[in-house]
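A note on names: the letters A, B, ... follow the listed sequences, proteins ahead of strands, and every chain is numbered from 1. Given the structure is predicted, the values throughout are model-derived calculations rather than measurements. These values consider heavy atoms only, across backbone and side chains, with no hydrogens, waters or symmetry-generated copies.
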Number of protein chains: 2
Amino acid sequence: MDDVEVMAGIFRLMGDPTRLRILLACLDAPQSVGAIAAATGASQSLVSHHLRLLRAARLVAGRREARQVFYVAADDHVRDVLRNLMHHAAEQGGPT
Amino acid sequence: MDDVEVMAGIFRLMGDPTRLRILLACLDAPQSVGAIAAATGASQSLVSHHLRLLRAARLVAGRREARQVFYVAADDHVRDVLRNLMHHAAEQGGPT
DNA sequence: CCAACGTATGAACAGATGTTCATGTCATTC
DNA sequence: GAATGACATGAACATCTGTTCATACGTTGG
């Protein structure tokens with residue numbers, strides 16, 4: 001596949017608010033699916049659906065711990081991108 | 001609007017291959033709409049439609065020069081994000 | 001083994017999105 | 001000022017996407 005399409009695929013995944021919140025929720029530390037659902041306010045089912053996509057793109061990695069499964073952002077580049085654009089958003093919202 | 005939604009909005013715009021190619025085409029130097037269309041292989045109409053969205057999000061800025069309009073990526077953060085993920089794609093495609 | 005908990009999956013649906021085709025607008029040239 | 005070139009816009013359409021609801025799966029405790 002073309003590099004551009006790979007990039008676009010990643011961006012598209014980050015382009016949904018719910019999925020972005022999920023990513024941000026497990027950016028620094030592994031979180032269980034339930035915890036992510038609670039943190040984002042999305043249903044458990046929806047979170048699981050999204051996590052499947054994020055996992056397929058290797059943006060998150062999941063590890064089973066007894067009954068729960070803990071997900072964490074799997075990529076340093078992704079972390080950088082997110083942090084970078086968070087600054088951007090902060091600037092755009094800017095000082096009122 | 002929430003910061004997360006702003007970020008997601010930007011990511012979503014970069015999440016379409018055509019639009020991403022358009023962005024990359026005018027990342028370093030201003031390009032006319034026709035030039036962008038030629039560079040990306042998309043129709044003039046489609047490029048114009050996408051440029052409208054990118055302009056609305058202030059990801060590109062357009063300047064009229066006689067008959068032509070030149071667009072250029074308008075934001076340093078965006079440039080950084082794109083370059084950052086280009087490296088990511090390079091790594092993922094990586095050494096076989 | 002049965003029940004309970006946490007997570008995953010599948011079907012179905014409403015709404016959004018990318019693209020095309022046709023046409024409109026603005027600036028230039030003759 | 002009519003014609004041409006470069007870009008913008010609008011309608012229409014097929015496709016994709018996010019969400020929900022119901023249900024299945026795997027793991028632990030009695």
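We find the CE-CG distance between B/M14 and B/L54 to be 10.0 Å, quoted to the nearest 0.5 Å. To the nearest 0.5 Å, the span separating CE on A/M7 from CG on B/L20 amounts to 5.0 Å. Going from atom NE2 of A/H87 over to atom CG of A/L82 covers 11.0 Å, rounded to the nearest 0.5 Å. Atom CG of B/L85 sits about 4.5 Å away from atom CD1 of A/I10, to the nearest 0.5 Å.
When the C1' atoms of four end pairs are superposed on the next four at each end of the helix from C/dC1-D/dG30 to C/dC30-D/dG1, using five pairs per end, the two resulting axes differ in direction by 20°, to 10°.
Residue A/L53 contributes atom CG, which lies 12 Å from atom P of C/dA8 at whole-angstrom precision. Per the geometry, CD belonging to B/E5 stands 14 Å off P belonging to D/dG18, to the nearest Å. Across the protein-nucleic acid pair, B/L54 atom CG and C/dG18 atom P stand 10 Å apart, rounded to whole Å. In this structure, the CG atom of A/L51 is 10 Å from the C1' atom of C/dA8, given to the nearest Å. Taking atom CZ on A/R12 and atom P on C/dT17, their separation rounds to 11 Å, with Å as the unit.
Listed by residue number, the members of residues 59-70 of chain B with any heavy atom below 4.0 angstrom from DNA chain D are B/R67, B/Q68, B/V69. Shown for residues 20-46 of chain B: residues whose heavy atoms fall under 4.0 angstrom of DNA chain D, namely B/S32, B/V33, B/G34, B/Q44, B/S45.
The two residues B/A42 and B/T18 have their closest heavy-atom pair at CB-CG2, 4.1 Å. Summarising the geometry of B/R19 relative to B/R12, their closest heavy-atom pair is NH2-O, 3.2 Å, with the distance given to 0.1 Å. Nearest approach of B/V47 to B/I22, heavy atoms of both residues: CA-CD1, 4.0 Å.
When heavy atoms are screened at a 4.0 angstrom cut-off, A/H50 is found touching the sugar-phosphate backbone but no base atom.
Side-chain nitrogen and oxygen atoms of A/R55 include at least one within less than 4.0 Å of the OP1 or OP2 phosphate oxygen of C/dA8. Not one side-chain nitrogen or oxygen of A/Y71 sits closer than 4.0 Å to the OP1 or OP2 atom of C/dG6.
Judged purely by distance below 3.5 Å, without hydrogens or angles, the side chains of B/R55 and B/Y71 pair a donor atom with an acceptor atom.
The side chain of B/R52 lies closest to D/dG10, out of C/dT9, D/dG10, D/dT19. Comparing atom distances between the B/H49 side chain and each of D/dA8, D/dA11, C/dG18 picks out D/dA11 as nearest.
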Given A/V6 and A/D2, is the side chain to side chain contact (heavy atoms under 4.5 Å, CB included) satisfied, shown in steps?
CA-CA 6 Å; A/V6 174; A/D2 199 342; over 6 Å; no
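Note on B/D16 versus B/R21: no salt bridge recorded, every NZ/NE/NH1/NH2 to OD/OE distance being 4.0 Å or above.
Here the side chain of A/T40 pairs a donor or acceptor atom with the backbone of A/I36 at under 3.5 angstrom.
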